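In this text, all values refer to a predicted model and were calculated from it rather than measured experimentally.
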Amino acid sequence: MTTALLHSRYSMLDVDQAPETPGLYAWYVSFRAGPHDWKMKPSPEGDQAIEGFLRLLRKYAGYYEPLPIALRGRGSYGAAWEGELQLDTPLHDPDGSDDTAVGEDKRLEILMDSLGSEERRRVMATILEKASPVFSSPLYIGVAENVRDRLRTHRRDFTKAYDWLREHPEDAETVRAKGKTFGARAAARNMAMGHLEAWVIDLGDEADDAVTIKHLRNTAESAEWLLHRLYAPILGRQ
C-alpha cells in the first residue's frame with residue numbers, strides 16, 4: 001500500500017490512457033480563449049471584441065448554471081400553485097428583462113470595464129484558464145472499479161448525445177434537464193469534448209491484506225457520497 005495517493009488528468013479525448021484500476025474521478029470543463037477572442041476588432045460602434053468576449057464568458061458561465069427549481073403548493077380552498085425559480089445572474093443572455101438587482105448591474109459594469117482593452121481580456125482569459133480545477137467546482141464526481149472503462153462510457157454517452165442533438169436541437173433543453181448520463185447532460189450544455197477533463201485519484205495500489213478490494217470499494221463509495229454533498233457537482237446525479 002502506498003503512503004500517498006496519486007492523481008492524474010485526462011482530456012475526454014484521451015481517456016484511453018486512464019488507468020485500468022479502481023479510483024475516484026471528477027470531470028471539469030476548462031475555459032479556452034485565444035488571440036482571436038481578445039484581439040481588438042475595431043468597428044464604427046467601437047471594439048467588437050468586448051461583446052464577443054462577454055458572450056464567451058456567458059457561455060462558460062452557462063455550463064455551471066443550475067437547473068430551475070420547481071415549486072408546488074396549496075393555497076386557500078385547495079387552490080394549486082406551481083412555478084419555477086431560476087437563478088438570476090447578470091451573466092444570463094440578455095432577454096430584455098430589467099429585473100436584475102442594482103448591485104449585480106454594477107458588477108456587470110465593472111466586468112465590462114475589465115474587458116475594455118486587448119491586454120485586460122488576455123489577462124482575464126489567462127486567469128480563467130488557470131482557475132480550473134484549482135478554483136472551480138467539479139461538474140461530476142464518480143467512482144469506478146475500472147476508471148478507464150468508466151471514462152470511456154462517459155465519452156461514448158457524450159458522443160451519442162452530441163450526434164443526436166446535432167440532428168435534433170429542439171431536444172437540448174429536455175436532455176439538459178433529464179438526460180440520464182453525465183455525457184448526455186454535458187453535450188446538452190454545448191460543452192466541447194476537448195474542453196472536458198477528468199482528474200483521477202488512482203486507488204489501484206491501496207489494496208493489501210488489511211484493505212481488501214471490497215473494503216476499498218466501500219470506502220471509495222463513501223468518499224464519493226461525501227464529496228457530492230460537499231461540492232454539489234452541477235451535472236451529478238441529483
Side-chain angles (χ1 to χ4, degrees), residues 8-37 52-70 84 86-87 89 91-95 125 128-129 131-133 136-200 224 227-228 231-238:
S8 50
R9 177 180 65 177
Y10 305 93
S11 164
M12 185 175 272
L13 297 171
D14 303 321
V15 295
D16 295 329
Q17 300 174 20
E20 295 181 282
T21 54
L24 286 157
Y25 62 92
W27 282 104
Y28 296 85
V29 59
S30 58
F31 180 85
R32 303 286 178 87
H36 61 284
D37 296 304
F53 202 90
L54 182 61
R55 286 194 296 271
L56 193 63
L57 293 180
R58 283 185 166 131
K59 180 178 180 180
Y60 187 68
Y63 297 157
Y64 289 93
E65 186 176 307
L67 294 172
I69 299 172
E84 288 186 340
Q86 189 169 22
L87 181 67
T89 166
L91 285 177
H92 269 309
D93 284 329
D95 58 2
L128 292 177
E129 286 175 14
S132 178
S136 62
S137 299
L139 297 171
Y140 184 92
I141 297 172
V143 61
E145 293 183 5
N146 184 314
V147 171
R148 183 186 297 178
D149 284 350
R150 182 62 57 80
L151 298 185
R152 281 174 168 170
T153 298
H154 289 314
R155 183 175 64 186
R156 185 168 60 249
D157 292 338
F158 180 97
T159 301
K160 182 178 179 180
Y162 180 85
D163 290 344
W164 172 265
L165 292 172
R166 189 168 51 183
E167 299 295 328
H168 304 86
E170 68 279 3
D171 291 344
E173 283 303 312
T174 299
V175 177
R176 186 174 183 267
K178 300 179 180 179
K180 294 182 179 180
T181 66
F182 161 73
R185 295 190 292 273
R189 289 184 181 236
N190 203 28
M191 297 179 188
M193 181 182 286
H195 296 182
L196 288 163
E197 296 179 335
W199 284 75
V200 174
E224 179 199 29
L227 292 171
H228 271 101
Y231 302 129
I234 198 70
L235 298 186
R237 295 182 294 271
Q238 301 297 316

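A side-chain donor-acceptor contact under 3.5 Å links H154 and Y25. Judged purely by distance below 3.5 Å, without hydrogens or angles, the side chains of Y28 and S30 never pair a donor atom with an acceptor atom.
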What's the verdict on salt bridge (Lys or Arg N to Asp or Glu O under 4.0 Å) for R185 and D157, showing C-alpha distance, side-chain angles and the deciding distance?
CA-CA 9 Å; R185 295 190 292 273; D157 292 338; over 6 Å; no

Could you walk me through whether R166 and D163 pass salt bridge (Lys or Arg N to Asp or Glu O under 4.0 Å), step by step?
CA-CA 5 Å; R166 189 168 51 183; D163 290 344; 3.3 Å; yes

side-chain contact (heavy atoms from CB on, under 4.5 Å) for V147 and E20? Distances and angles first, verdict last.
CA-CA 6 Å; V147 171; E20 295 181 282; over 6 Å; no

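Rounded to the nearest 0.5 Å, atoms CZ (R189) and CG (L235) are 5.0 Å apart. Rounding to the nearest 0.5 Å places CG of L151 at 8.0 Å from CE of M12. Expressed to the nearest 0.5 Å, how far OH of Y231 lies from CD1 of I141 amounts to 7.5 Å. In this structure, OH in Y60 is found 5.5 Å from OG in S136, a value given to the nearest 0.5 Å. Distance check: L165 CG to R176 CZ gives 12.5 Å after rounding to the nearest 0.5 Å. Atom CD1 in I234 sits 14.5 Å away from atom OH in Y140 (nearest 0.5 Å).
Without hydrogens or angle criteria, N146 side chain to D149 main chain gives a donor-acceptor distance under 3.5 Å. With hydrogens and angles ignored, the 3.5 Å screen pairs a side-chain donor or acceptor of D37 with a backbone N or O of G34. With hydrogens and angles ignored, the 3.5 Å screen pairs a side-chain donor or acceptor of R148 with a backbone N or O of A18. Not a single donor-acceptor pair under 3.5 Å links the side chain of S132 to the backbone N or O of L128.
Residue-environment remark: CH2 (W199) exceeds the threshold of 12 foreign heavy atoms within 6.0 Å. Dense packing is recorded around CZ of R32, with more than 12 heavy atoms of other residues, nucleotides or ligands lying under 6.0 Å away. Heavy-atom contacts from other residues, nucleotides or ligands closer than 6.0 Å to OH of Y162 number 12 or fewer.
Between W164 and H168, the angle of the ring planes stays under 30°, which puts this pair in the parallel group of the 30/60° scheme.
Annotation: side chain of Y10 is not in contact with side chain of D16 (no heavy-atom distance under 4.5 Å). Between T181 and F158 there is no side-chain heavy-atom pair separated by less than 4.5 Å. Proximity of I69 to E84: side-chain heavy atoms (C-beta onward) are nowhere separated by under 4.5 Å.
What you find for L196 and A186 is that their closest heavy atoms are CD1-CB, 4.3 Å.
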